[in-house]
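Since this is a predicted model, take the numbers as computed values, not measurements.
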Amino acid sequence: MKAPAPEIVPDFASVTEVITRFAEHGYIADDRLATTVFLQTRLEKPVLLEGPAGVGKTELAKTLALATGRKLLRLQCYEGQDETKALYEWDYGKQLLYTQVLKEKIGQLVADAATLGEAVDRIAAQESVFFSERFLAPRPLLDAIRSEQPVVLLIDEVDRADEALEAVLLELLGENQVSVPELGTFTATTPPYVVLTSNNTRDLSAALKRRCLHSFLDYPTAERELEIVRTKDTGLAESLAEQLVKVVRGLRDLDLRKSPSISETIDWARTLAVLGASELTAKLLSDTVSVVVKYDKDVSKAVEALPKLIDPNAEIAEPEHGHGHGHGHGHVAVSLAEEDDSGPDGKAIRVAKDAPGRHGENYGGPTSVTPTPVQTVSSSQGSRSFAKGFGKNRRPGKIG
Ligand SMILES: Nc1ncnc2c1ncn2[C@@H]1O[C@H](COP(=O)(O)OP(=O)(O)O)[C@@H](O)[C@H]1O
Ligand SMILES: [Mg+2]
């Protein structure tokens with residue numbers, strides 16, 4: 001008798017189930033996004049999420065892992081990253097150690113070789129020993145393919161990587177496989193759920209897009225944003241949270257260099273709750289506005305707009321804090337951007353380093369040194385740099 005085919009247990013029974021199971025893990029997905037996730041799990045296609053920083057792209061991958069009980073593997077992309085940090089490399093240190101220890105044995109091998117050429121040929125014949133499984137150091141992409149446990153593979157901020165790395169991804173995305181010339185091709189037994197994110201700092205290749213289900217994540221509707229704030233237990237009263245969400249949306253309509261994202265709304269709600277806010281006034285919001293806008297000019301624009309955002313009928317007083325310096329009522333959070341913008345040099349350097357949109361909201365920007373009463377460290381920090389733990393003194397060992 002033939003054994004019954006292994007039953008494929010679908011992760012989600014329906015789009016609605018995606019929504020409810022994501023909500024159980026604190027992620028509020030709308031129908032469109034939930035449909036994309038549902039299709040991903042059914043069609044086993046990678047998902048490419050594009051959109052501004054802080055709208056929940058990374059969080060979606062983390063939540064997908066939680067909701068499906070899969071392990072999360074993460075490749076954080078960066079400029080200049082090469083495939084040895086993404087796919088695999090040869091453990092050069094280990095190869096060297098082995099050759100040292102086996103010096104004598106290797107010596108015997110070539111001892112009676114008549115010519116140098118013959119000696120080289122004999123060593124070459126042993127190459128496969130050193131380019132074998134034992135010396136392979138897999139990185140996240142190969143790990144994902146070889147994992148026995150089903151995984152969610154997050155390829156985060158792929159737009160930061162160079163196009164060459166993007167090309168390396170194609171085999172994995174299209175065929176769920178990775179080729180190691182010396183060893184052969186590894187194919188995933190359980191295809192990983194792959195989530196790629198991009199902050200749109202450059203266009204991705206058509207080849208990559210073609211292999212993915214594509215979803216654009218934008219700032220949420222007021223309703224959904226309020227729901228998100230609610231799930232975060234910020235401590236801010238419901239009516240104030242509702243008002244705050246409206247204000248943040250108003251700020252997004254201003255022409256700011258960096259619009260406040262969802263995480264900033266959450267931070268602001270927490271800040272106001274810590275301060276015991278019982279009502280939102282233009283002054284209170286101005287005093288704490290650097291929690292949500294991080295550039296000097298943005299702060300001035302926001303402070304100017306706040307009275308109208310809080311109360312459309314407000315009389316706008318002459319803005320006394322055009323530049324955020326030296327006013328007596330004590331900003332709760334003084335953004336570094338305000339401080340270092342004073343000299344033209346600092347500004348020029350920062351502008352040069354810091355193309356708009358290039359950095360995520362949690363990218364070690366001003367917040368990290370801002371004495372806010374609330375820590376604005378996002379949950380994604382800490383796990384960002386997958387490469388931190390390894391390759392400390394390792395040299396690229398790929399030969400030939
Ligand atoms: N739909 C959502 N449901 C719950 N929280 C969300 C949602 N979208 C964003 N957030 C919150 O915003 C934060 C920033 O999201 P993140 O995924 O890091 O943004 P991105 O990767 O798009 O830059 C998350 O840590 C989470 O707290
Ligand atoms: Mg992210």
Side-chain angles (χ1 to χ4, degrees), residues 51-55 57 79 157 159-160 198-202 218-219 225 244-272 282-310 316 318-327 329-378 380-381 384:
V55 293
K57 302 184 295 297
E79 226 173 298
E157 302 183 352
D159 53 325
R160 285 175 190 271
S198 164
N199 287 349
N200 280 329
T201 57
R202 68 171 175 86
D218 210 342
Y219 299 114
E225 188 157 12
L244 188 69
V245 163
K246 279 197 193 123
V247 170
V248 173
R249 291 173 66 79
L251 292 179
R252 284 183 194 137
D253 289 338
L254 303 177
D255 184 24
L256 299 181
R257 179 169 168 190
K258 166 73 179 75
S259 286
S261 68
I262 301 174
S263 33
E264 271 118 17
T265 313
I266 297 164
D267 287 342
W268 210 2
R270 290 208 172 110
T271 304
L272 295 167
K283 176 171 184 315
L284 182 59
L285 294 184
S286 298
D287 286 353
T288 52
V289 77
S290 48
V291 173
V292 285
V293 282
K294 310 292 169 68
Y295 293 99
D296 185 37
K297 282 216 177 89
D298 287 357
V299 171
S300 323
K301 277 187 197 167
V303 164
E304 208 172 304
L306 278 171
K308 272 255 181 252
L309 292 176
I310 273 287
I316 310 288
E318 265 311 291
E320 52 156 327
H321 25 315
H323 196 265
H325 284 289
H327 32 86
H329 51 254
H331 269 222
V332 173
V334 179
S335 131
L336 184 69
E338 282 184 281
E339 305 288 59
D340 72 4
D341 243 1
S342 42
D345 286 349
K347 189 174 219 161
I349 291 165
R350 205 201 60 218
V351 168
K353 275 194 196 161
D354 207 10
R358 189 71 189 156
H359 296 310
E361 86 298 337
N362 49 17
Y363 209 72
T367 15
S368 47
V369 286
T370 299
T372 53
V374 181
Q375 263 219 305
T376 54
V377 177
S378 100
S380 65
Q381 272 185 348
R384 317 187 54 92

(message) Please find the pair of heavy atoms, one from L284 and one from T288, that lie closest to each other, and give the distance.
(response) O-OG1, 2.8 Å

(request) Mind listing the closest non-hydrogen atom pair of P307 and E304 along with its distance? (result) CD-O, 3.5 Å

(message) A side-chain contact here means heavy atoms from C-beta on lying under 4.5 Å apart; do Y219 and V248 qualify?
(response) no

(message) Could you report the tightest heavy-atom contact between G51 and N200, atom names first, then the distance?
(response) N-ND2, 3.8 Å

(message) Could you check whether any side-chain heavy atom of L272 comes within less than 4.5 Å of a side-chain heavy atom of V291, counting everything from C-beta outward?
(response) no

(request) Supply the atom-to-atom distance R249 CZ to L254 CG, rounded to the nearest 0.5 angstrom. (result) 13.0 Å

(request) Answer yes or no: is there a side-chain heavy-atom contact under 4.5 Å between L285 and L309? (result) no

(request) Quick one: pull up OG in S261 and CZ in R252 and give me the separation to the nearest 0.5 Å. (result) 7.0 Å

(message) Once rounded to the nearest 0.5 Å, what's the spacing between atom NZ of K297 and atom CZ of R257?
(response) 9.0 Å

(message) So Y295 and L256, do their side chains get closer than 4.5 Å, heavy atoms only?
(response) no

(request) State whether K283 and D287 are salt-bridged, where the test is any N-O pair (Lys NZ or Arg NE/NH1/NH2 against Asp/Glu carboxylate O) under 4.0 Å. (result) yes

(message) Let me confirm one number: the OG-CG distance from S290 to D298, rounded to the nearest 0.5 Å.
(response) 12.0 Å

(request) For D255, check side-chain contact (heavy atoms from CB on, under 4.5 Å) against everything at least two apart and list the hits. (result) K301

(message) Please check this pair: side chain of R160 against backbone of E79, looking for a donor-acceptor N/O pair closer than 3.5 Å.
(response) no

(request) State, without any angle test, whether T265 and E225 hold a side-chain donor-acceptor pair at a distance under 3.5 Å. (result) yes

(message) Counting C-beta onward and ignoring hydrogens, is there a side-chain heavy-atom pair between E157 and K57 closer than 4.5 Å?
(response) no

(request) List in chain and number order the residues that pass side-chain contact (heavy atoms from CB on, under 4.5 Å) with A302, two or more places apart in sequence or in another chain; answer none if no residue qualifies. (result) L251, V289, V293

